[in-house]
Amino acid sequence: MDVSHILDELNENQREAVTASSKYVLVLAGAGSGKTRVLVHRIAWLVDVEQVASYGIMAVTFTNKAAAEMRSRIEALLGRPAGGMWVSTFHSLAHRMLRRYYEEAKLDKNFQIIDSDDQLRLVKRIMKSLELDPKQWPPRQAVWFINEQKDAGLRSQHIDDSNNYQTQILNKVYAEYEVICQRSAVVDFAELLLRSLELIRDNPSIQDHYQQRFKYILVDEFQDTNELQYAWLRLLTGKQTTLFAVGDDDQSIYGWRGAKIENIQDFSRDFPNSQLVKLQQNYRSTGNILKAANALIEQNQSRLGKELWTKDDDGELIKLFTAFNEVDEADFVISHIQKWVKNKGKYSDATILYRSNAQSRVFESNCIEQNIPYRVYGGLRFYERAEIKDALCYIRLTANPNDDSSLERVINHPPRGLGQKTVSVIREYARDNEISMWHACQQFIKGKVLNNRATGLLAHFIALIEAMAISREDRLQDHFANAIKRSGLKAHYTKKEGRDKGQGRSENLDELVNAASEFNYQPESEHRNFNELTAFLSTTALDAGNTNKTNDCVQMMSIHSAKGLEFPLVFITGLEQGLFPHQNSIAEGNLEEERRLCYVAITRACQQLCISYAEQRQLFGQTKPTIPSIFLNEIPSELIDDMRGHRQRWNVTPPGMKQKSRVDTNATVFAIGQLVTHNKFGEGVVINTEGSGKSARINVNFYQSGYKWLIIHYANLRAL
DNA sequence: CCCAAGGTATTTTTT
DNA sequence: ATACCTTGGG
């Protein structure tokens, strides 16, 4: 058999991983070392060489994007569709199992998935009905508690709260939440995993079925698995199962949402006689970038140990820019990008990374002023938009009217006279009688419990949903168009928000109909056991529709969202104590995860890496001096080109600072960044100005005596 | 039912 | 600074 197409383009270690014969294999794949390539080639090896049926292979990822990429690369390498192979996210796989065995999982046939926004709303309502003061008991904290318990595999009944009042209260919310979800026939994200874990664990025949079927399980980004996902994998890994896990402990940056770095660290203990393969040759970055990354991550104590190397040259030094403030920092970054573009490059070569999303503002306004195309990643996704969720809640009700969560959202939206009072009567009645709100509504209409007006309005609402439900048998797009039309949402938004904004919402609703018409329903494979409507609704919950337009523009994103990506030119900004590493992480003692985050950031760069910090930064409305990040000290200075010395000082007002930096006074006009001299304090740099006329003040960072606020009128400053 | 005023928090994100 | 949420008055 000719295996050259699978092995030819691999290095020695990659081949070892792809052809490994051990039952349990852990591949420690450094950044840019060909991790996905190894997974894809491994699967091709199994199918083409070891003659494993596609049907017997399961590949698990965390994101839909990764799953889609993996599947398409597998099919490209095999030269045919990988039918029967399960290549999906944890949640999507769990979901498939639950649709297949909904009865054993004790779920309604038409159960729906709620997203984190729905979950928060639901928890808020429950806490309100339990009369918990939201100031004392923040709903977000309760959501966090519930998800944390589920991720640990615990139901409310398993939790010992006898010694802790706070746990008692939170667990009471959890218990009530479980009841409402079950009655509403909805499951949240963590529930998908927990429910399918319980399904496999409590039904030996089902466990046996999956263990017989999937003899080859492959896991991507293994360092990001949480306790529940790990337990789920172990339940599926039977005596005959081959488990192939790929990950990088140095890139574990999701500890804060439950990822257990221990899962990768303890792999060899939990899976005896496992084979460890390290991929350390990097195909992405220059030598200097890798040296910096290696030196930084070496400061972490708990590591499996790995050092990246490249056949590539050292390349350029890492540029370090010390900015006066965040505006100056943005100006440096953007002008540097301009230079890059003038030379040879494209805008899309460049990415600006930051620790927290709020930092994007300054870069954005600079781009706007200079007419530079840019794109910020990580905003609201399509299916999370309010108007889309509104429409989907109507549609969800047509599939499953018992969904209280959806009913609450739309019963009076757009307003139809069913205000808080009426809704709370319905809610209480449903709760007391242990029925869904939909059933409560029906009983209210028959029983005339409410006054005539409310009864009539309620009957009207019920009739509306029922009328929408009739079109359920139509083509998906017609069903959607009908529901949207009858809901009155478009008119509502146009009236409330005026033409421009309302029109945007209206267009989004049309886009939803489009999405329905383009939906690829696959009853033979992916959507077996799903009807078309349920399949679509599940997709909207599990795959929130990332719009990936690749125009030529500068990209801005948090370091977390940059994981897995690479760019020729990378800026890491805001390297200041408290910002990066973040204050909260320092306080929680999570410095190692912050350092891994910095490692991820550095290893995104292919050719040129620029890092920067500001000497003072505005945060929460206050400008404060900063301390440079300790990570700067951990990068060897011989790798750094410190631009502080040889960057030209401003002799014109930098763009974007015309308003803020100039002061209207008869005295000299000073720009931020300008060098000035003072009779007593000597030379310094203008940091900020404030006020106007004779009371105008100026903030100068003097080289000798530090920061001073001076009244311009009296200070007698001279520009240099 | 809508709007304005005031209080509060403000890391990172996928499913 | 600012965005989000609750609350009170019209």
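Reminder, nothing fancy here: chain letters follow the sequence lines and each chain counts from 1.
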TODO: Could you tell me whether A/Asp118 and A/Arg396 have a side-chain N and a carboxylate O separated by less than 4.0 Å?
DONE: yes
TODO: Ignoring backbone atoms, establish whether A/Asn357 has a side-chain N or O less than 4.0 Å from OP1 or OP2 of B/dT13.
DONE: yes
Indicate every side-chain donor-acceptor pair of residues 578-585 of chain A with a distance under 3.5 Å to a residue at least two apart or in another chain.
from	atom 1	to	atom 2	distance (Å)
A/His582	ND1	A/Asn584	N	3.0
A/Ser585	OG	A/Glu594	OE2	2.8

Open item on the list: Heavy-atom nearest nucleotide on DNA chain B for A/Lys495 versus A/Glu384: which residue maps closer to 5'?
Closed with: A/Lys495
Open item on the list: Strictly below 4.0 Å, N to O, side chains only: are A/Glu593 and A/Arg596 in salt-bridge contact?
Closed with: yes
Open item on the list: Taking the minimum atom-to-atom distance to the side chain of A/Ser558, which one of B/dT11, B/dT15, B/dT13 wins?
Closed with: B/dT13
- [ ] Tell me, please, the opening and closing nucleotides of DNA chain C, 5' to 3', among those with an atom under 4.0 angstrom from a non-hydrogen atom of chain A.
- [x] C/dA1 to C/dA3
Open item on the list: Please pick, from B/dT11, B/dT14, B/dT15, the nucleotide with the shortest atom-to-atom distance to any side-chain atom of A/Thr89.
Closed with: B/dT15
Open item on the list: Is A/Arg140 close enough to B/dA9 that one of its side-chain N or O atoms is under 4.0 Å from OP1 or OP2 there?
Closed with: no
Task: From B/dC1, B/dT15, B/dT13, nucleotide with atom closest to A/Pro415 side chain - done: B/dC1
Open item on the list: Is A/His582 stacked against the base of B/dT11, taking the criterion as centroid distance under 5.5 angstrom and interplanar angle under 30°?
Closed with: yes
Open item on the list: Can you identify which nucleotide, out of B/dT15, B/dT13, B/dC2, has its nearest atom closest to the A/His560 side chain?
Closed with: B/dT13
Task: From CA spacing to verdict: side-chain hydrogen bond (donor to acceptor under 3.5 Å, both in side chains), A/Ser184, A/Asp403 - done: CA-CA 4 Å; A/Ser184 300; A/Asp403 180 348; 5.2 Å; no
Open item on the list: Looking only at the side chain of A/His91 (C-beta and beyond, no hydrogens), which of the listed nucleotides B/dT13, B/dC2, B/dT15 gets closest?
Closed with: B/dT15
- [ ] With P as the reference atom in both, quote the distance from C/dC4 to B/dT13 in angstrom, rounded to an integer.
- [x] 16 Å
- [ ] Verify the distance criterion only: is there a donor paired with an acceptor across the side chains of A/Ser629 and A/Glu576 at less than 3.5 Å?
- [x] no
Task: Spacing of A/Asn64 atom CG relative to B/dT15 atom C1', expressed in whole Å - done: 8 Å
List the atom pairs, with distances to 0.1 Å, where a side-chain N or O of residues 141-152 of chain A and a protein N or O form a donor-acceptor pair under 3.5 Å, not counting sequence neighbours.
from	atom 1	to	atom 2	distance (Å)
A/Asn147	OD1	A/Gln119	NE2	2.8
A/Asn147	ND2	A/Gln119	OE1	3.3
A/Asn147	ND2	A/Val143	O	3.4
A/Lys150	NZ	A/Asp188	OD1	3.4
A/Lys150	NZ	A/Asp188	OD2	2.7
A/Lys150	NZ	A/Glu191	OE1	2.7

Task: d(CD, A/Glu148; P, B/dT13) in whole Å - done: 20 Å
- [ ] Sort out for me which residue in A/Met97, A/Arg96, A/His91 forms a side chain to side chain contact (heavy atoms under 4.5 Å, CB included) with A/Leu192.
- [x] A/His91
Task: Nearest-angstrom distance from the residue atom CG of A/Leu579 to P of B/dT12 - done: 10 Å
Open item on the list: Nearest to the A/Ser585 side chain among B/dT11, B/dT15, B/dC2, which nucleotide is it?
Closed with: B/dT11
- [ ] Would you please confirm or rule out a distance under 4.0 Å between OP1 or OP2 of B/dT12 and any side-chain N or O of A/Asn584?
- [x] no
- [ ] Under 4.0 Å between any heavy atoms, over every strand shown, what does A/Gly419 touch: base, sugar-phosphate, or nothing? Just pick one.
- [x] sugar-phosphate
- [ ] Would you say whether A/Trp256 stacks on B/dT12? The test is a distance between ring centres of less than 5.5 Å and an angle between planes of less than 30°.
- [x] yes
Task: Pair A/Lys389 + A/Asp115, salt bridge at N-O below 4.0 Å - done: yes
TODO: Could you tell me whether A/Asp188 contacts a base, only the sugar-phosphate backbone, or nothing, with contacts defined as non-hydrogen atoms closer than 4.0 Å?
DONE: nothing
Open item on the list: Suppose you measure atom P in C/dC5 against the same atom in B/dT12; what distance do you get, rounded to whole Å?
Closed with: 16 Å
Open item on the list: Once you apply a heavy-atom cut-off of 4.0 Å, does A/Asn412 come out as touching a base, just sugar-phosphate, or nothing?
Closed with: sugar-phosphate
Open item on the list: Categorize A/Asp224 for me: base, sugar-phosphate, or nothing, with a 4.0 angstrom heavy-atom threshold over every strand shown.
Closed with: nothing
Open item on the list: Base, sugar-phosphate or nothing for A/Gln359? Non-hydrogen atoms, less than 4.0 Å.
Closed with: nothing
- [ ] Determine the contact category for A/Phe62: base if any of its heavy atoms lies under 4.0 Å from a base atom, sugar-phosphate if only primed atoms, P, OP1 or OP2 are that close, otherwise nothing.
- [x] sugar-phosphate
TODO: For A/Phe90, answer base if it contacts any base atom (sugar-phosphate contacts may also be present), sugar-phosphate if it contacts only those atoms, and nothing otherwise; contact means non-hydrogen atoms under 4.0 Å.
DONE: nothing
TODO: Could you label the plane-to-plane angle of the A/His95 and A/Phe530 rings as parallel, tilted or perpendicular, counting under 30° as parallel and over 60° as perpendicular?
DONE: perpendicular
Task: Donor-acceptor pair (no angle test) under 3.5 Å: A/Ser116 side chain, B/dT15 base - done: yes
